[in-house]
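Scroll down for the structure; my scribbles are underneath it.
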Amino acid sequence: MDWIQVIITMIGGIGFGTILSTILQNVLQNKRRDQERKYEEKRNAYIGFLQAMIESANNPSMGNLNEYELFQLKIELFGSKEVALLAKNGQLYRSRDDLFNELLRKMKNDLLK
């Protein structure tokens, strides 16, 4: 008996449905884990950016500016294009409050997708 027949016999003995079910479960678990990780990365980038934005406005310093720019880059990496553009070009907004509210709205929409 060669190894191909042994494999075919094992697949038949275990059941093709069981193997297929196991593979499908594994694929779905990996997909869900990736989605959860991406959500957490986005969420952390968004929260960090908002905190850095507030801190740099209330207490301007080089450290706070660096923190702000770091989270701006994280948004470019993990966030939606809409949020990244708004975060990058936010200084063009009428007021800081308007920018903050628009960022919140776009971030919430992105996280709910």
Side-chain angles (χ1 to χ4, degrees):
M1 189 183 265
D2 65 10
W3 62 275
I4 294 176
Q5 279 188 322
V6 170
I7 292 174
I8 291 172
T9 304
M10 287 176 53
I11 290 173
I14 295 174
F16 185 69
T18 304
I19 292 173
L20 188 59
S21 174
T22 302
I23 291 170
L24 187 59
Q25 284 176 346
N26 191 22
V27 168
L28 292 175
Q29 283 176 342
N30 287 340
K31 185 177 179 180
R32 184 176 55 235
R33 195 173 340 138
D34 286 348
Q35 288 173 338
E36 288 172 359
R37 183 185 53 81
K38 287 176 186 176
Y39 175 84
E40 285 299 317
E41 290 289 351
K42 265 188 202 185
R43 182 181 171 276
N44 291 338
Y46 289 167
I47 290 171
F49 180 79
L50 293 173
Q51 289 173 336
M53 182 180 153
I54 291 168
E55 190 60 32
S56 66
N58 292 336
N59 186 14
S61 71
M62 195 56 142
N64 288 337
L65 179 61
N66 289 340
E67 184 93 1
Y68 177 83
E69 290 174 348
L70 171 69
F71 280 104
Q72 194 173 27
L73 288 173
K74 285 185 176 186
I75 286 177
E76 287 183 31
L77 286 172
F78 300 111
S80 71
K81 287 182 182 182
E82 287 181 333
V83 175
L85 282 172
L86 189 58
K88 188 174 185 176
N89 299 320
Q91 69 274 12
L92 302 176
Y93 246 72
R94 295 178 294 280
S95 73
R96 187 171 40 119
D97 290 338
D98 288 342
L99 171 62
F100 193 82
N101 290 331
E102 187 65 14
L103 277 167
L104 277 176
R105 189 180 66 74
K106 288 187 183 289
M107 288 174 178
K108 283 179 185 178
N109 289 340
D110 186 34
L111 290 172
L112 291 174
K113 288 182 187 176

Non-hydrogen side-chain atoms of Val83 and Lys42 separated by less than 4.5 Å = no
| Audit row: Arg105, Glu102, salt bridge (charged side-chain N to carboxylate O under 4.0 Å, His left out) steps and yes/no | CA-CA 5 Å; Arg105 189 180 66 74; Glu102 187 65 14; 2.5 Å; yes
So, do Glu82 and Asp110 sit near enough that their side-chain heavy atoms are less than 4.5 Å apart? no
One should read off an interatomic distance between Leu85 CG and Ser80 OG, to the nearest 0.5 angstrom, of 8.5 Å
Distance col, row Lys106:NZ vs Tyr46:OH, nearest 0.5 angstrom, shows 10.5 Å
Which side-chain N or O atoms in residues 54-66 pair as donor and acceptor under 3.5 Å with protein atoms at least two apart or in another chain?
from: Ser56; atom 1: OG; to: Ala52; atom 2: O; distance (Å): 3.0
from: Ser56; atom 1: OG; to: Met53; atom 2: O; distance (Å): 3.1
from: Asn58; atom 1: ND2; to: Ile54; atom 2: O; distance (Å): 3.4
from: Ser61; atom 1: OG; to: Asn64; atom 2: N; distance (Å): 3.2
from: Ser61; atom 1: OG; to: Asn64; atom 2: ND2; distance (Å): 3.4
from: Asn64; atom 1: ND2; to: Asn59; atom 2: O; distance (Å): 2.6
from: Asn66; atom 1: ND2; to: Met62; atom 2: O; distance (Å): 3.4

Those residues at least two apart in sequence (or on a different chain) that pass side-chain contact (heavy atoms from CB on, under 4.5 Å) with Lys88 are Gln72, Glu76
- Any Lys31 side-chain heavy atom under 4.5 Å of Gln35 side chain: yes
Here the gap from Tyr39 atom OH to Lys113 atom NZ, rounded to the nearest 0.5 Å, amounts to 13.5 Å
Applied to residues 51-71, the ring-ring contact (aromatic ring centres under 6.0 Å, His included) test, sequence neighbours excluded, yields Phe49-Tyr68
Checklist entry - Are Ile47 and Arg43 close enough that some pair of their side-chain heavy atoms sits under 4.5 Å apart? => result yes
Output for pair (Glu36 CD, Arg32 CZ), nearest 0.5 Å, gives 6.5 Å
Value for CG (Asp98) from CG (Leu103), rounded to nearest 0.5 Å, stands at 11.0 Å
Contacts of Lys74 meeting salt bridge (Lys or Arg N to Asp or Glu O under 4.0 Å) (sequence neighbours excluded), chain-then-number -> none
Members sharing Leu77's hydrophobic cluster, built from side-chain contacts under 4.5 Å between Ile, Leu, Val, Met, Phe, Trp and Tyr, are Phe78
Sequence neighbours excluded, the answer for side-chain hydrogen bond (donor to acceptor under 3.5 Å, both in side chains) partners of Arg37 is none
